[in-house]
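Because the structure is a prediction, the values reported are computed rather than measured.
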Amino acid sequence: MPCLIEAGLNNRIDLLVAQKSTELTTGEYKLTKAERKPNIGVSVSYERDWKGFLPPARSTTAGVSIPLTFSNINKGAVKAAKFRIAQSEIMERDMELQIQAEIAQAWFYYEAEKKKVAQYRAGVLEDSQKVLNGMVYKYKRGETSILDVLVAQRTYNEVQQEYLETMKGYAASLVALEKACGIWDIRF
C-alpha cells in the first residue's frame, strides 16, 4: 500500500494543482515585496560645448533620486501575501492527507471484496452445485419431491447471482483504487 500512496501523490492532478497554487502565491509574495522597495535612481553626466567663439565649456552633473512613497508605511499587502502562502501550504497538506485517506479506504474496500470472491471460489459455489446435483439425483431415484429440487435450483441461482454481484463489487473496488491512485493499471 505505501507504493500506491506514493503513486497517488505523484499522479493526482488535484495535488499538482495545490502545489502549483503554493508556487503561485510564493511568486506573488516576492512580487509584492519587490513592489514595496524604493526605486532609487542614480545619474551621472558629462557635457562639453564645442560651439561658439568662447572657450569650450565643460560640465559634470551627478544626481540621486529617491522617491518618497507613503504607501510603504502600510505593510498589509505583504502580510496578506504571507497569509496566502500559509493558506495554500495548508491546503496542499490537506490535499495530501485526503489523497492518502482515499487510497487507504479504497485499498481496504478492494481487499474486502477480494476476500469475498475468494470465499465464493473456495467452496460456496461448489457446495451449492453439489447440493443441486444431489437433489436431482435423489429426485431421479424417487427419494424426494420436485419441490425440493426447485428449492435447491433457486438456492443455486441465488448463490450464482450473489457471486456475480460480488465480482461486480470487486471490479468496482479495483477501479476505485486505480482512480484514487491516479493510475489506470495496477500490477500486483
Can you tell me how far [atom2] of [Y] sits from [atom1] of [X], rounded to the nearest 0.5 angstrom?
X      : Y      : atom1 : atom2 : value
Lys114 : Thr166 : NZ    : OG1   : 15.5 Å
Glu165 : Glu162 : CD    : CD    : 9.0 Å
Gln98  : Asp14  : CD    : CG    : 7.0 Å
Leu132 : Asp127 : CG    : CG    : 12.5 Å
Arg84  : Thr25  : CZ    : OG1   : 8.0 Å
Asn157 : Gln160 : CG    : CD    : 7.5 Å

Is there a side-chain contact between [X] and [Y], using heavy atoms and a 4.5 Å cut-off?
X      : Y      : result
Asp148 : Tyr139 : no
Ile5   : Trp107 : no
Arg141 : Lys138 : no
Tyr163 : Arg121 : yes
Thr61  : Val44  : no

What about [X] and [Y], same hydrophobic cluster or not, with Ile/Leu/Val/Met/Phe/Trp/Tyr joined at side-chain heavy-atom distances under 4.5 Å?
X      : Y      : result
Tyr110 : Met167 : yes
Met95  : Leu24  : no
Leu31  : Val78  : no
Ile99  : Met91  : no

Tell me whether [X] contacts the main-chain N or O of [Y] through its side chain, where contact means a donor paired with an acceptor under 3.5 Å.
X      : Y      : answer
Thr155 : Val151 : yes
Asp94  : Ile90  : no
Arg12  : Ala180 : yes
Asn10  : Glu6   : yes

Gln105, CD atom: more than 12 neighbouring heavy atoms under 6.0 Å
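Count not over threshold, so no.
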Atom CD of Gln161 with >12 non-hydrogen neighbours under 6.0 angstrom
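Open.
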Where [X] and [Y] come nearest, the two heavy atoms and their spacing:
X      : Y      : value
Val149 : Met135 : CG2-O, 3.6 Å
Leu125 : Tyr156 : O-CE1, 4.5 Å
Ala81  : Tyr29  : CB-CD1, 3.6 Å
Gly169 : Tyr109 : O-OH, 4.2 Å
Gln100 : Leu9   : NE2-CD1, 3.8 Å
Leu177 : Ile103 : CD1-O, 3.9 Å

Run Thr22 and Glu92 through side chain to side chain donor-acceptor pair (under 3.5 Å) and show every step you take.
CA-CA 8 Å; Thr22 301; Glu92 181 181 346; 2.9 Å; yes
Lys33/Glu28 ion pair, N-O < 4.0 Å
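So Lys33 does not pair with Glu28 through a salt bridge.
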Before giving the answer on salt bridge (charged side-chain N to carboxylate O under 4.0 Å, His left out), spell out for Glu158 and Arg154 the whole-Å C-alpha distance, their side-chain angles and the decisive distance to 0.1 Å.
CA-CA 6 Å; Glu158 287 174 357; Arg154 186 180 80 202; 3.6 Å; yes
Just do the side-chain contact (heavy atoms from CB on, under 4.5 Å) check on Lys130 and Asn133 with the steps written out, would you?
CA-CA 5 Å; Lys130 287 178 185 176; Asn133 291 342; 5.7 Å; no
